[in-house]
There are 2 protein chains.
Amino acid sequence: MVTVHDVARTAGVSIATVSRALSNPSMVATATRERVESAAAALGYVPNLQAAALRAGRTGAIGLLVPDLANPYFAAIAQGVAETAREQGLGVFVVDSQEDPEAEPGLLRRLARQTDGVILASPRAVEADRAVAGTTPVVVVNQTGPRAVAADFASGVHQAVAHLVALGHRQIAYVGGPAASWGDAQRRTALAAEVRDRGADGLEVLLLGVFAPTVDGGESAVDAVAASSATAVVTYNDVVAVGLVRALRARGVRVPDDLSVVSFDDTYLAGLVTPALTSVRTDLRALGRFAARQLVEPTDAAEPLTLHPMHLEVRDSTATPRA
Amino acid sequence: MVTVHDVARTAGVSIATVSRALSNPSMVATATRERVESAAAALGYVPNLQAAALRAGRTGAIGLLVPDLANPYFAAIAQGVAETAREQGLGVFVVDSQEDPEAEPGLLRRLARQTDGVILASPRAVEADRAVAGTTPVVVVNQTGPRAVAADFASGVHQAVAHLVALGHRQIAYVGGPAASWGDAQRRTALAAEVRDRGADGLEVLLLGVFAPTVDGGESAVDAVAASSATAVVTYNDVVAVGLVRALRARGVRVPDDLSVVSFDDTYLAGLVTPALTSVRTDLRALGRFAARQLVEPTDAAEPLTLHPMHLEVRDSTATPRA
DNA sequence: TTGAAAGCGCTAACAT
DNA sequence: ATGTTAGCGCTTTCAA
């Protein structure tokens, strides 16, 4: 390995000059700088980031922990994070917990040690997880707590329900996500509030059990949905809706003719499938950018949780209920 | 920050003993070890990985560079990599170049400095990129060169063409991917070979220009496809096929009735859309596992490029050509 | 079994 | 403008 010492010897200067010439060129005479640069190039010198990090106390990178890299929801957030990171000259390391809550503390611990700050986009990460990060700053996404950023699920639920009610639906089922998901709890609470507000109009909401936030999870929800008297379904996310719609079709239940479906997230999947899904969206890249900025330069600590707006995108999976 | 010194003072031992008790417990008396452990726990000590890495010369993590996190192809590879890494007690950092070839050398350089080895799954990474990794070992995916792992695209092309020819197609268009993609070049070469072999049977292949490997890219290919006399299309990947099918539908061209489509990759997207796509698949998790193992414990250097088999998955996007 | 001490490669005072 | 030096936190000889 080529070190500053080798470059210094070749260039005929001290190691301090090498360091300066490379990281603070203005502090060095032009001739010297050029000598150092050509020596470094000739030897193929590359700075050891571990050493620089140890010395500087910072690594120049931030981390992002997500539950599932294959879910476009997190890919979109990651893009936002990467944009802001690039502006700041920081690297981004993404780690995937593969929907395994057990593995998260370990992954987070390592990630926190190797970076200057971590964005936790895993819905199951909680207090215990924060502790594991030690002194490394943490910003959580779709969670509550200090330095949290979340989609305004209550508003999203309200828009979804208002849309369905306007179409004439009165019996709505919710196909819920992971038990420990804060976002799922938000959706459930908001649905309960809708029932309170609209109960007089005959609105009924059926909250269905815990399903994996995957295509398979959506498919496995088909029994519960079919057994209910609901004319419309709201799902935890796009991916679940896709699975559910497939399983429904296999049973001869047509969407939206026999059953309307509204999903959350509105990732690109929602517009891809047939029928295209009516879905509640957040600007995820903006969410990612915000989370990253919050990590780099925390704004007002007075506002611990920042909510991002949601908007209903009406497509082809919702219609007036039959008869 | 709590360091070994703090723990040593609290436990009444030297820093060397702290280090041993924590990383090599068998070298320390049980009583001492327990004292150190409780002191560390009480103080909330967490080892500084930068320092350990500097000293040990290794970071305990590997890196994975992909062009697009939102493409399920790479998510599947990442899962395979993560599986093997976990077995080896290594962390995995994923970095997304966002389909920007310009950014790759910089990202790779940083990734290489922060890890013990890098898997390059970006189709555009080349010789120059390898150099940037310096002494850090690199394994490339879907590229040629030393320590490379790739899908057997020639076989995949052969299967796709055989399927289409058997259905009665003679005019096939190829909707190609990024110019610098090795995998794209492989597909084109293999298609040319098919024409040589089957030209006598009347097979004609139209190679279409460079398109982005995204949904948008597929949509933008619709003009060229519609203008051709092809009755079947092979696309660079699933995502492109999805975009193309959408754009075709918007023009009233039905798949597979008016045009057959075969895609590459067979990610979960292929089975999700309507019609479900006939696609050529590789076991991507196995590919990822193999790449990671190749990085950790390189096997026979005699075989520089390892090919993984492809299999055609026939679904609903291919049919007999009309009239 | 434990401790003292060297040093991984780098940067930032401080001195010249 | 450049050099000398201390030291980031850790592991690992080498001695005791």
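By convention in this document, chain letters (A, B, ...) are assigned in the order of the sequence lines, proteins followed by strands, and residues within each chain are numbered from 1. Since the structure is predicted, the reported quantities are computational estimates derived from the model, not experimental observations.
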Output the rounded distance in Å from CD (Glu34(B)) to P (dT1(C)). 14 Å
Measure CG/Leu54(A) against P/dC8(C) and give the value in whole Å, please. 13 Å
Once the angle between the rings of Phe93(B) and Phe93(A) is folded into 0 to 90°, is it parallel (under 30°), tilted (30 to 60°) or perpendicular (over 60°)? parallel
Could you give the CZ-to-P distance, from Arg58(A) to dG9(D), as a whole number of Å? 16 Å
Collect all protein-nucleotide pairs involving nucleotides 10-13 of chain D in which both atoms are nitrogen or oxygen and the distance is under 3.5 Å.
{"from": "dC10(D)", "atom 1": "OP1", "to": "Tyr45(B)", "atom 2": "OH", "distance (Å)": "2.5"}
{"from": "dC10(D)", "atom 1": "OP1", "to": "Asn48(B)", "atom 2": "N", "distance (Å)": "3.1"}
{"from": "dC10(D)", "atom 1": "OP2", "to": "Val4(B)", "atom 2": "N", "distance (Å)": "2.6"}
{"from": "dT11(D)", "atom 1": "OP2", "to": "Ser19(B)", "atom 2": "OG", "distance (Å)": "2.8"}
{"from": "dT11(D)", "atom 1": "O2", "to": "Arg55(B)", "atom 2": "NH1", "distance (Å)": "2.1"}

Can you tell if the side chain of Leu120(B) reaches within under 4.5 Å of the side chain of Glu104(B), non-hydrogen atoms only? no
About how many Å separate OG1 of Thr136(B) and CG of Leu295(B), when rounded to the nearest 0.5 Å? 9.5 Å
Got a second to check how far Thr84(A)'s OG1 is from Arg86(A)'s CZ, nearest 0.5 Å? 11.0 Å
Consider side-chain hydrogen bond (donor to acceptor under 3.5 Å, both in side chains). Of Thr282(A), Asn142(A), Asp68(A), which one does Tyr73(A) pass it with? Asn142(A)
